[in-house]
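The figures that follow rest on heavy atoms only: side chains count, while hydrogens, waters and symmetry mates do not. Whatever order the structure lists them in is the order used to number ligands and atoms, beginning at 1.
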Amino acid sequence: MDVNFGGSANAGIGTVEQLQEQHDTPIPIIFMSDEDGTIETRLRASRCGGEEFFYPAVDPGQLIEKIETYTHGNTVEPYKVLVLDDSRAQAKYMETVLKKAGMTAHIITDPMQIIHALEEFSPEIIILDMYMPGCTGMEIARVIRQQDRFHSVPIIYLSAEEDVTKQLHAMSLGGDDFLTKPIDPKHLIATLHNRGRRARSLLALMIRDSLTGLYNHTHTLHLLEQEIVRARQKQQPLCFAMLDIDYFKKVNDTFGHPIGDRVLRSLSMFLKQRLRKTDHIGRYGGEEFAIILPNTRPGDARNVLNEIRERFSELLQPAGDREFNVTFSCGISSWQDDNAQILCERADRALYTSKEHGRNCVTLAES
Ligand SMILES: [Mg+2]
């Protein structure tokens, strides 16, 4: 909904306010405005069910993603919560409370198991007891924070400690919250939901490239490793493709960087629309993209990417009153029970071959 729908100021919000009155549960609304981003307008929009507010420009890719979260978003994955408490009774009680709330709980009572539990379970939230034999919860929190992968996982202390000074000290060592025992299960679950939701949205920002909304380099490699494990378990084929836009520097030099950025976004949208939901698309570098195609045979991967290459090359890229075409080159490697690094190197070499053969083509790496 355009904030100024109909032409007059805030008329769009007025319309939504009227609509929402007829519904017990408000309809989620995405507002957009190219001229009014003031706090007053944003508040009014948010009060009548405005879940998103795009200002001053709407990015089509982001908009599509938001719409997807509101239309397929009813299946929220349960939060994975790791609980460390030396009291078995307390730990069991927590497990019951968490499971009742639909969360996935993993309980440990021995602090020395923490590293193993982090790796095996990969928790999204961690609940720590303060006092345990052998070490304190604060010490454990510091060890957890020393690992990059768990740097942003919320840590919540749960303890009978009522001394606020001690609580604050514990928080300063990497904790996010301090809850005191005995805790009302309702408060605990509400805290976990808030922390979990926030952590997930931060993580989504951390793993994505801000220009295209695709996965960034690090996360793409992480996904590739996961998919290799899965392919091995399920005995399924797997392909990895690398794409590079041809003569991208010339686009930037001729039309300017904003147009260059738009080309990058148009290719990322194009890929998102034409690949399956199960494929992973990443922005690998400047004008380089990577695609992971699980359960795909090399011949099929080549056909799909060739089709995309052809259609994309026909797309007219607007630049003021001019139009131009852009092509890309592609290299594909298929997984031969090797590791991620070798798979990438083979795709990279195949991409290089495509470039050598005059660009705008797809090369399948030889096995
Ligand atoms: Mg204890």
Side-chain angles (χ1 to χ4, degrees), residues 75-207 218-219 222 225-226 229 233:
T75 48
V76 179
E77 288 258 313
Y79 291 113
K80 286 159 68 181
V81 187
L82 176 67
V83 180
L84 169 58
D85 197 313
D86 65 305
S87 147
R88 186 160 292 279
Q90 178 69 28
K92 276 277 160 207
Y93 170 70
M94 293 288 290
E95 186 174 25
T96 315
V97 171
L98 295 176
K99 284 198 170 149
K100 237 188 219 165
M103 298 184 181
T104 310
H106 185 82
I107 309 292
I108 49 171
T109 50
D110 176 7
M112 299 308 136
Q113 294 297 315
I114 188 77
I115 301 283
H116 182 70
L118 288 174
E119 276 161 14
E120 285 288 296
F121 184 60
S122 278
E124 297 178 275
I125 306 171
I126 299 165
I127 299 179
L128 292 181
D129 184 18
M130 275 270 271
Y131 301 111
M132 290 167 289
C135 65
T136 65
M138 288 89 83
E139 290 174 315
I140 294 289
R142 268 164 82 166
V143 170
I144 294 172
R145 288 292 186 238
Q146 282 165 1
Q147 302 171 65
D148 281 349
R149 252 184 78 204
F150 300 103
H151 202 81
S152 61
V153 177
I155 295 178
I156 298 169
Y157 293 106
L158 187 60
S159 170
E161 179 60 69
E162 282 177 345
D163 184 337
V164 177
T165 315
K166 283 185 182 153
Q167 290 186 1
L168 285 174
H169 179 65
M171 300 271 282
S172 72
L173 297 174
D176 294 283
D177 253 317
F178 202 107
L179 303 175
T180 43
K181 292 180 205 171
I183 176 124
D184 178 345
K186 278 206 298 287
H187 292 169
L188 173 67
I189 297 303
T191 305
L192 293 178
H193 269 294
N194 291 336
R195 288 287 168 191
R197 195 168 45 230
R198 187 102 188 108
R200 276 189 185 170
S201 66
L202 280 176
L203 191 68
L205 287 177
M206 277 165 54
I207 61 175
T218 313
H219 193 68
H222 184 65
E225 273 157 15
Q226 279 182 355
V229 172
Q233 276 170 357

Note: Lys92-Glu95 ion pair, threshold 4.0 Å (strictly below):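 Salt bridge present between Lys92 and Glu95.
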Show which side-chain atoms of residues 121-128 pair as donor or acceptor with protein atoms under 3.5 Å away, not counting sequence neighbours.
residue	atom	partner	partner atom	Å
Ser122	OG	Arg149	NH2	3.4
Glu124	OE1	Lys80	N	3.1
Glu124	OE1	Arg200	NH2	2.8
Glu124	OE2	Arg200	NE	2.6
Glu124	OE2	Arg200	NH2	3.2

Inter- and intrachain pairs under salt bridge (Lys or Arg N to Asp or Glu O under 4.0 Å), touching residues 127-136, at least two apart: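 Of all non-adjacent pairs touching residues 127-136, those that pass salt bridge (Lys or Arg N to Asp or Glu O under 4.0 Å) are Asp129-Lys181.
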4.5 Å side-chain heavy-atom contact, Arg195 and Ile156: yes
Acceptor/donor pairs from residues 100-120 side chains to any protein atom, 3.5 angstrom cut, sequence neighbours excluded:
residue	atom	partner	partner atom	Å
Thr109	OG1	Arg88	NH2	3.2
Asp110	OD1	Met112	N	3.0

Neighbour count >12 (heavy atoms, 6.0 Å) for atom CG, Asp184: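 Yes, the 6.0 Å shell around CG holds more than 12 heavy atoms from other groups.
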Distance below 2.8 Å from the Mg ion (ligand 1): protein N/O/S atoms: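 Short answer, with waters excluded from the count: Asp86 OD1, Asp129 OD2, Tyr131 O.
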